[in-house]
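Here's the structure, in structure tokens; my notes come after.
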Amino acid sequence: SGLPEQVAAASAVLLQREVPEHVNIAVAEAAAAVGVPVFQDVGGEERPISDELLPKLTFLAPNLPELQRLTGMPSGSEEEVVAAARSLQDKGANHILVTRGAAGA
């Protein structure tokens with residue numbers, strides 16, 4: 001079976017940064033077409049996430065350093081973390097789950 005059938009059979013899809021961006025976009029599009037949630041792990045390769053992919057993600061999950069790298073914004077305080085996460089939402093991301101290490105999730 002092809003990609004659409006495989007994605008439709010999934011409960012959710014987890015995308016990885018080590019996978020080429022065009023593949024992640026194709027999988028996210030197939031998942032969105034059938035209502036399958038898409039999660040993006042931000043770890044791995046340190047490259048930007050395309051504006052084309054952001055709105056196709058159900059959840060984007062960066063840690064604090066990844067959030068700062070993706071947005072170019074500081075993430076030292078709770079207010080800064082919220083502002084940086086909202087900047088990703090302004091670019092189309094749906095839900096942002098920032099992991100904060102020892103500072104708590």
Side-chain angles (χ1 to χ4, degrees):
S1 66
L3 178 63
E5 294 81 16
Q6 291 175 351
V7 170
S11 297
V13 173
L14 174 64
L15 304 179
Q16 299 290 317
R17 297 303 295 151
E18 296 85 357
V19 173
E21 191 83 345
H22 72 278
V23 174
N24 280 337
I25 291 170
V27 171
E29 286 174 346
V34 293
V36 172
V38 180
F39 296 80
Q40 174 71 64
D41 176 25
V42 179
E45 291 190 12
E46 294 187 7
R47 58 187 159 108
I49 294 178
S50 74
D51 291 346
E52 182 181 359
L53 180 59
L54 279 174
K56 295 171 177 56
L57 304 175
T58 310
F59 280 93
L60 179 67
N63 61 29
L64 289 174
E66 291 163 346
L67 179 66
Q68 188 170 359
R69 179 176 47 78
L70 286 174
T71 64
M73 298 172 68
S75 60
S77 70
E78 185 172 332
E79 293 79 17
E80 290 173 339
V81 169
V82 169
R86 287 210 170 119
S87 76
L88 290 170
Q89 289 179 313
D90 291 344
K91 293 173 83 176
N94 291 294
H95 305 285
I96 312 297
L97 174 64
V98 179
T99 57
R100 298 178 57 203

(request) Identify the heavy atoms of Glu52 and Pro55 that sit nearest to each other, and give their distance. (result) O-CD, 3.6 Å
(request) Among residues two or more places apart or on two chains, list those pairs meeting ring-ring contact (aromatic ring centres under 6.0 Å, His included) that have a residue in residues 25-46. (result) Phe39-Phe59
Result block: side-chain N/O donor-acceptor pairs under 3.5 angstrom for residues 82-90, not counting sequence neighbours:
from: Ser87; atom 1: OG; to: Ala84; atom 2: O; distance (Å): 2.6
from: Gln89; atom 1: NE2; to: Asn94; atom 2: O; distance (Å): 2.9

(request) Tell me, please, which residues at least two apart from Pro20 pass side-chain contact (heavy atoms from CB on, under 4.5 Å). (result) His22, Val23
(message) Which residues pass the side-chain contact (heavy atoms from CB on, under 4.5 Å) test with Thr58, not counting sequence neighbours?
(response) Pro37, Val38, His95
(request) Measure the spacing between CG of Leu97 and CG of Asp41 and express it to the nearest 0.5 Å. (result) 10.5 Å
(request) Starting at CG of Asn63, measure out to CD of Glu66 and round the result to the nearest 0.5 Å. (result) 3.5 Å
(message) Please tell me whether Ile96 and Met73 are part of a single hydrophobic cluster in this structure, the criterion being side-chain heavy atoms less than 4.5 Å apart.
(response) no
(message) What's the separation between atom CD in Gln40 and atom CD1 in Ile49, rounded to the nearest 0.5 Å?
(response) 4.5 Å
(request) Could you tell me which residues satisfy side-chain contact (heavy atoms from CB on, under 4.5 Å) with Ser11, sequence neighbours excluded, listed by chain and number? (result) none
(request) Name all residues meeting the salt bridge (Lys or Arg N to Asp or Glu O under 4.0 Å) criterion together with Asp51; count only those two or more places apart in sequence or in a different chain, and write none if there are none. (result) Lys91
If you look only at distance, which donor and acceptor atoms sit under 3.5 Å apart when one is on a side chain in residues 25-35 and the other is two or more places apart or in another chain?
none

(message) Checking Gln68 now: which residues fulfil side-chain contact (heavy atoms from CB on, under 4.5 Å) with it, not counting sequence neighbours?
(response) Ser75
(request) Could you pull out all residues at least two apart from Glu21 that satisfy side-chain hydrogen bond (donor to acceptor under 3.5 Å, both in side chains)? (result) Arg17, Arg47, Ser50
